[in-house]
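Below you'll find the structure, written out as structure tokens, and then a few comments.
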Amino acid sequence: MLKDERDRVLLDVDAARKNDENIYSEVNTWLAKAYTMIGSELKEVKGLEDEAKNKCFIGLCPNFNARYQLSKKAEEGAGAVDELLQQGRFVKVSYRDVPQPVVDVPPKDFDDFNSRKVVFNDIMEAVKDPNLNIIGVYGMPGVGKTTLVEEVIRQVKADKLFDSVVMAAVTQTPDVRKIQDQIADMSGLKFEEQSTSGRANRLCQRLKKEKKILVVLDDIWAKLDLMEVGISLGDENQRCTILLTSRDHNVLKKDMDAKQVFLIGVLEHEEAWEFFKKIAGDGVESSDLLPIATEVAKKCGGLLIAIRTLATSLRNEPPYVWEDALRQLSKPSSSNFKGVPGTVYSTIQWSYDRLQSEDHKQTLLLCSLLGHNLHLEALLMCAMGLGLFPGISTIEETRNRLLTVVSHLKASCLLLDSYNNLRVDMHDLICDVAMSIAANHVFVLRCEDVLNYWPDDETMKECDKISLLFPSINKLPDQLKCPKLTLFNMYSKDPLMNIPANFFKEMKNLKALSLFDMNLPSLPSSISLLPNLRTLCFYGCVLGDITLIGELKNLEILSFDSSDIEMLPEEIGQLTKLKWLDLTSCSNLKRIPPGVFCKLSRLEELYVAHCFVGWGAEGNSSQESNCSVAELNALSCLTTLEIHLPNAKVIPKGFSFEKLQRYIIFISESSDWDWDWVWVRGYSKTLKLSLQTRIRSLNNGVKVLLKKAENLYIDEAKGVEFLLHESEVGDYFQQLKNLHIQKGAMIQYIFKDDDDDAHKIEFQLETLMLQGLPKLISFCSENEGSTSISPQGTTLFNPKALFPNLVKLKLYSLTSIERIWFPQAFCSTQKLKKLIIKGCSNLKHVLSDSMVEYLQQLERLKISECKCIQEIISTESIIEEAFRNRYLICFPRLKTIKLKGLKKLIGFCHEDYTVKFPSLKTLEIESCPKLKGFIHNSKSKEIPTDAVFFNNKVAFPNLEKITISHLRNVKRIWHGQLHANSFSMLKELTVKECDVLLNIFPPLVLGVFQKLEKLLVTDCASLEEVFQLQAQGLNIEETYVVGSQLREVELLRLPKLKHVWTKYHKGNISFKSLRQVSIEECSSLTTLFPFSIAKDLQQLESLTIHKSGLEEIVSKNVEGSDQQEIWFKFNQLSLLEFWNLPNLSCFYPGRHRTTWPALSKLDIYRCERVKIFGHEESQIQHSLFLIEKVIPQLERVSFSQDDIAMISDGQYEADLFCNIKFLEISCYSDESAVFPISFLRRFYNLEILHVVFCNFKELASFESKASEDKDMIITIPKIKELRLNMLNNIRHLWKQDSPLDHVCASLKCLEVWECDKLISLGFDHSFFENLTTLDIWKCKKMTELIKSLKAQSSMYLVTIRIRECEMMREIISSNGDETSYEIVFKALKHLELHCLQSLTSFCSGNYTLRFPSLEQVILSQCPRMK
């Protein structure tokens, strides 16, 4: 029976294994016992049976004893077998593993995107936070939300943050049972219940068995009832964290009540291109495919799914397939989205169809037509003109509706935030889909489009909207027959584009017309034939006669934003339906006739900012007079006003601003301020004011503005000791959110106490800036019996003034203040995020130790030019006893610290404290000469013998950037013992002008800085070592293994530097990530790289060394054999510059080879001891480079006289130099040398030629007089740029029939620098035909630049720059020519004349000079200029 039962169990086990199930351990144990028992029992029984068969007494008698033993054994065995049989009656022999979430994308795909790492880290922090039970991730379709949360799942499991992780896809049509099934599968749960509610209860019970569980619900489209699914939010005994993904912010935040949400944006351009290349293959970088491939990649718009699909489908395809794909993607329509996954297109289409109203759909389509980074006000104007929101009449109501719709579209990820909150943007793919939806009714051309022929009349007849976004158009048609057209929007590349007179004749239905950057001397007459036009906008246009606008009787919106108009015509007064008039930034507007404004009775919004200030006096209506402010009183509907008034006197008595709901009003001579306009327009009421009196004495109209203002900018306060009394604060400052006060020479208080009442005043300010108030004693004076001048000094904020909402505080040039806060009063400022102090010369105390607990929100601390500050955090003697045990100081949110020009600063705080900055990213300390260390140990004046800047009393676990400069007392930066994890995230270190500093990285801390990417060290006079890999008694490589991520090293002007890396180590300290190394003016440096580092520099891209003492680039390998040949592979190096290295004798002092497959720019100058080029490869490489190996791949190279002689003597292939576009010829020291012009014929793709430090007497001669030299001229390339630098013997550049006439026939840029003997250029007329830039510098003997006759040819010059030519008398010489004619520099935009001691005039002849395009003139240090 046991054997039968065993066989039955084995059958079940075999079936289970075939079903990928796991066998219970007790089953395996039972089977083992069964096998053992069956085997042993059979063996023993068989022995007893054999013995029982034997008979006694010579076989005559049975063996009774054996038979007894056999029966006894059978009885015992039966009991054991029966017990084992009972144990083997299993209900189930197996179980299934709990399925885990399947993550398809390998980790390396995620790691490729640096832009995702920030949001990924933020999500991980949120997931770890036990107080956040619902977390949301949103973004547009295809952006990679699922990929990101899958990576979160992977990391969560790796870190063992939760006991269990389950994931389910919800989709746009959620099926609760399917969601339950997905979670149940991953939880190992089998439902027996049939009803959804029963399954939910069962699932809930199962999930509660996990103490900590993460539930991921992917792709939520609408509200999902979690309890209906069976997901509870946990309780005191269980933590349940729910991570949701959606394309809709509102679904997460409002419907699902997510406590924190994260936006996943599209990939940045660079990483999108790298990802595209990775999939499409390296072939996309070939010269014929690269331009097309980059455009195709852009069309993916940074969407992961689009990039992956497009790149895969185009991989290994010929160029014509790519071109066809680009064509289709450039002309969006539903049928042309073959390159984009159908799922992407359909999801965007679905999102569009699902929008809650027609308002939303039409707004989205309008955004797609009007271009990227669309100004919301421009969108509003068009929306109103088109009547997009029927039933809404006022502008403010329409604005509110539009902003609501835009916020909904953003929440749906169909619109994006732009670079400021006044604009809105749209993803390219969304834009393309939107335009494809409206394709039959719109005509759109973009910047890259070229229009040769307009569509036929039948096509245009159905057109509803036209948007021309900087396309290339030859001309507009005489008439455009578009009877259904409602919107015409045109950005012109050509400002002189003419609009034909009848262009608008067949557009009777046009409602919104916007023209950008056009020059219109008069408006086309047909514009008056647009009876339905409601919106007319001119942006940045040059306008002449605009009186025709008066014919547009139904016009509601008229904008001249940033346009050039001199007068607003009286005919504007005929526009009686006008609601919005915008004259912003019309800087040439000089006249607005009286009576125009008062006729615009329906005007709701008027913008006259940054332009007109010539307001006339009330009642003056002469022909030349201007309108007065009093006219605005007649505008009963006016709710929004932006205006600049020179002073309060132009505001008539009785004038009221009561009805204004939104305003930005300047009452000041100056229109300058340092407030950001984008930020200002985030508030509705802003007033800028210059005061001649206290506030109580102001005009009543100004008082009304002041009472309602949210932003108040007081630019100047003359003769005022305080602004207002305490009793007035409630009247005038009750709405105030932002206050800026500057230039108050007499101000002692902002407000003054009236009585002895000790009550406190609470301000609702969010930002406060006080600047240039030298006599300010305190923000608020106290009563007569007290003073703000306490024993601790004058204090800005006393306990009477409270600022519970203050976020940003800026204090500039408050020279009387010694202290900012009383420690006891600081607790009211707990929301402070930014504290910026500058030029407060008497300030001694910034913060005290007792204030730190109230600075938990502080994010930025910047203090500069305060000469009395010794500590940033000081210990208050009056509270020292109470706080003496608070040794830990923490700034949990502080991200930036900048300390500059603090002459007495000795430390951030005393070493009695340990200071932690868990969020600090940037630390900059500059020009603090007495600073002994970040944490100081005394206030003594003695400098410690071994001063260390950072020790273990300060913690910077997330610091990424450090800049320290002008620290005179610091010998070492890092202590051998640092606080745990400090500096482990450091990416960039800059050290400047630290005179006694000896090294940068001592050996014991090297392992800390493995994430450092960029190192800049300059002007440290005592610095001897950068990376100290060894110390006395310690061989660091025996202790550490360091893999540095350092990418850039720049070391400048370090006269005592002996080692960048100390010479010897065993190779376990690696700098394989190095990309750029730059060394300059390091005279004591003899070797750059140790051998063990140089052998691994295969990622190095750029190596520049200037003016240094280097003898070799790589030091010798002391552990290798002299006979062993070494191979250095610089596979990525593209730029190599060696300048002024007089001691350089070799690259490496032993047998070696080098490879430079990527080298394209080679510039070696004045390295006389080293042989640059060699002919043939030898076993021991004497020269740096082999011509045959290196030259063919170069695009830029410099040759000395010796190099040119060697190359000229050699026999080389004709195309050896074919890729060189930039050639520098240098170091012809022999005065008899002739410019090697025939040498240039080898470089038939040459574009740029520099001739430097040569003693040629002329450039115009052939090397010989052989006739074949003249025939050779046509083989010399025509260059585009020529620079002549330090040609000390040359007197004239050109002469007749010079070969340079041919070489420079296409020249666009000529630079002549430091040619001391040069008298004239001697150009031929033809020389100027293409020249656009002429730059002359330090040519001491040159007296004139251009002859007058030749100046007539210089019509294409765009830039003339002449500097430090001491003999230059005039730019254009007449040579006695008395002829009168005109010289026109048609294209000249930039003219600079600097330090020309003899210059008397630009031209002394009888000529008329014209500069129609001139934009910039710099004239300096020309004392004789008439």
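FYI, the numbering just counts along the sequence from 1. The shown structure was predicted, so the numbers you read here are calculated from the model rather than taken from an experiment. Keep in mind that the numbers below use all heavy atoms, side chains included, and drop hydrogens, waters and symmetry copies.
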Can Phe1071 and Phe1089 be said to form a ring-ring contact (aromatic ring centres under 6.0 Å, His included), step by step? CA-CA 11 Å; Phe1071 289 85; Phe1089 300 113; 9.7 Å; no

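- Listed here is the closest heavy atom pair of Lys211 and Asp163: CB-OD2, 3.3 Å.
- Residues Leu1103 and Leu1088 are in side-chain contact: their nearest non-hydrogen atoms beyond the backbone lie under 4.5 Å apart.
- Under 3.5 Å, the side chains of Asn999 and Gln1028 contain a donor-acceptor pair of N or O atoms.
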Passes side chain to side chain donor-acceptor pair (under 3.5 Å), Asp159 versus Gln155? Steps please. CA-CA 6 Å; Asp159 295 345; Gln155 192 64 49; 3.1 Å; yes

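- In terms of modelled atom types and a separation under 3.5 Å, the side chain of Arg1075 and the main chain of Ser1073 share a donor-acceptor contact.
- Contact detail for Pro957 and Ser984: the closest heavy-atom pair is O-OG, 3.8 Å.
- His936 pairs with exactly one of His910, Glu871, Glu911 by the side-chain hydrogen bond (donor to acceptor under 3.5 Å, both in side chains) rule, that one being Glu871.
- Contact detail for Gln1076 and Leu1100: the closest heavy-atom pair is N-CD1, 4.0 Å.
- For Lys867, the NZ atom sits in a loose shell: 12 or fewer heavy atoms of surrounding residues, nucleotides or ligands are nearer than 6.0 Å.
- Phe934 and Phe956 have their aromatic ring centers within a separation under 6.0 angstrom.
- Contact annotation: the side chain of Phe950 never approaches that of His975 to less than 4.5 Å [non-hydrogen atoms, C-beta and beyond].
- You'll find the side chain of Thr990 stays beyond 4.5 Å of the side chain of Ile964, heavy atoms only.
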In a table with atom names and distances, give each donor-acceptor pair under 3.5 Å that connects a side chain of residues 894-908 to protein atoms at least two apart or in another chain.
none

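- Closest approach of Val1026 and Val1060 over heavy atoms only: CB-O, 3.4 Å.
- In this structure, the side chain of Ser1044 engages the main chain of Leu1046 through a donor-acceptor pair within 3.5 Å.
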